[in-house]
Amino acid sequence: MDLNYAMLEYLTQISGPSGSEERVAEFIAGQLSSYCDEQTIDTLGNLIVRRHGTGKKIMIAAHMDEISLMVTHIDKEGFLRFAPLGGVRIPNLIGQRVKFSKGRIGTIGVERLDKPSDFKLDKLYLDIGASTREEAEQFVRIGETGVFVGDFIESGSRIISKALDDRIGCFVAIEALKRTQSPHELAFVFTVQEEIGTRGARTAAYALEPDLAIAVDVTATGDTPKAHPMSVELGSGVGIKVLDRSMITSPQIKRWMADMAAELNIPFQWEVLEYGGTDSGAIHLARGGVPSGVLSIPTRYVHSPAEMIDKHDVEAAVDLLVALLERPTEL
Ligand code: CO
Ligand code: ZN
């Protein structure tokens, strides 16, 4: 399959902290303008891309935001303190580079610790190379969010980058919409604020009233040294979610996805995630309930600046999403 990985590289490198996803939305809207009937931005900032049809009304969701750090304080010497926006892993922060809207990049340092157990978020600071508060304020404001720096690298069939959670989901959705000849009424929703509680998906699902929904997002794996046991691995196919902390997938949706994958020889893996959630967690609870499922991209090092995926899984996800949208369904 001929997927546009140069476009994925560009997509991962755009800054899109929760609440400031405009630049991601603008890029995706440009990619899809000639493949849809209508594009709108709703109140919260979700990008809704519609293709009209006469079948079921299907919502496809992928989130545009990425985990980030919000500046809470700037001291006299120009050092910044910050709060996490989304599931940032505190122990991984030292030495990370963080980029702000004016292009300024800082590095994260730690205060002297008397004992290792003193290591806490409030011992960390961001150094953007400023010597005074006034100098720092030329580049960064209180309440501004910065994202991690993490180049896009291809290592064999693997891709390493920041923000693959969930630009890879956006990418799968974009590639699927470009390919599909669906008979259905499609609403591709590129959502905001997933990382801080699936907020964009909630209002979009309420407004759209879909008959069914599919979210595309990353999931963890169990295939690294001494990982928590989990039967998902890189390169073994797209994940079909059974359960996470936000939902139990409806049996009909699971069967629909797995039967389609089996029929077309698309590799897939059952995914049981013992923590975390996705936009489908919010969507399936909208109004009187929406039958919802999730196509998952197995991802190592989720929420780090060096998340890793496998191209084979991405291709399986695009193939399966196209096939699901392509045919009439009784669901
Ligand atoms: Co995430
Ligand atoms: Zn995600």
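Residue indices begin at 1 and follow the sequence shown. Read the numbers this way: they start at 1 and go in the same order the structure lists the ligands and their atoms. Please read these numbers as outputs of a predicted model, since none were measured by experiment.
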For N/O/S atoms only: which one belongs to H303 and is nearest the Co ion (ligand 1)? NE2
Taking backbone and side chain together, does E66 place any N/O/S atom at a distance below 2.8 Å from the Co ion (ligand 1)? no
Step-by-step side-chain contact (heavy atoms from CB on, under 4.5 Å) determination, K120 to I90: CA-CA 7 Å; K120 300 256 165 46; I90 310 299; over 6 Å; no
If we ignore angles and hydrogens, is there a donor and acceptor under 3.5 Å between the side chains of S18 and Q193? no
Angle class for the F188/F190 ring planes (parallel below 30°, perpendicular above 60°, tilted otherwise)? parallel
Under 2.8 Å: N/O/S of H63 next to the Co ion (ligand 1): no
Among E21, E194, E66, E307, whose salt bridge (Lys or Arg N to Asp or Glu O under 4.0 Å) with R167 holds? E66
Per residue D165, nearest N, O or S atom to the Co ion (ligand 1) is named OD2
Can the ring centres of F171 and Y5 be said to be less than 6.0 Å apart? yes
Relative to the Zn ion (ligand 2), which of the N, O or S atoms in D165 is the closest? OD1
As a test of reading the structure, name the N/O/S atom of D217 that is nearest the Zn ion (ligand 2). OD1
Is the Co ion (ligand 1) less than 2.8 Å from an N/O/S atom of E195, whether that atom is in the backbone or a side chain? yes
Check whether the ring centres of F139 and F100 lie less than 6.0 Å apart, and answer yes or no. no
